[in-house]
Amino acid sequence: MKDLKDIFKTAVDKIKSTVEKEDIPLKDAFEEMDRELEEAEAAYGKPLFPDDGEKISIDEHYMKLLGFKSEENVGFDEIKAHYETLMKKFAPENFADDKKKKAAEKRIGMIKQAYQYFENKHATQHEEEEN
């Protein structure tokens, strides 16, 4: 595992260089910053800025797990399409390394759980609309 100081410095340097570019839209700069922080957290192996006591709804949790931003307004059809893409991407047979295969299996389980939550919610809403 890398030293936290080196990880942070690398991430900050990359973020600075992105933000200092005059020709990059602010939205793209923020997305690049998010990617750099995610890479730094992956290298460190845990969150750099843990959310102490912050609570999110189950909807937000599952949206994030499926790769959507919590503020995105997506319909069930989009969730379903993205679910199918994720199932293919993280299919354990795509990974030769046993450690990666086990991680993929765990991820598939979480993806299925999130999808089932939205599938049940969609079915319930659909039934209410019919009545």
**Report entry** N120 side-chain N/O to Q116 backbone N/O, donor-acceptor pair under 3.5 Å
**Finding:** yes
Can you tell me how far apart [atom1] ([X]) and [atom2] ([Y]) are? Round to the nearest 0.5 Å.
X: Q113; Y: L65; atom1: CD; atom2: CG; answer: 8.0 Å
X: E78; Y: L66; atom1: CD; atom2: CG; answer: 11.0 Å
X: Y117; Y: H61; atom1: OH; atom2: NE2; answer: 10.5 Å

What are the two closest non-hydrogen atoms of P92 and I108, and how far apart are they?
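Here P92 and I108 meet closest at CD-CG1, 4.4 Å.
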Quiz item: Tell me the salt bridge (charged side-chain N to carboxylate O under 4.0 Å, His left out) pairs involving residues 82-108, sequence neighbours left out?
Solution: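 Of all non-adjacent pairs touching residues 82-108, none passes salt bridge (charged side-chain N to carboxylate O under 4.0 Å, His left out).
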Contact between E119 and K80 at the side-chain level, heavy atoms closer than 4.5 Å - yes or no?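 Result no, sub-4.5 Å side-chain heavy-atom pair not found.
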For the residue pair Y83 and Y115, categorise the inter-ring angle as parallel (less than 30°), tilted (30 to 60°) or perpendicular (more than 60°). parallel
- Query: Angle class for the F95/F90 ring planes (parallel below 30°, perpendicular above 60°, tilted otherwise)?
  - Reply: parallel
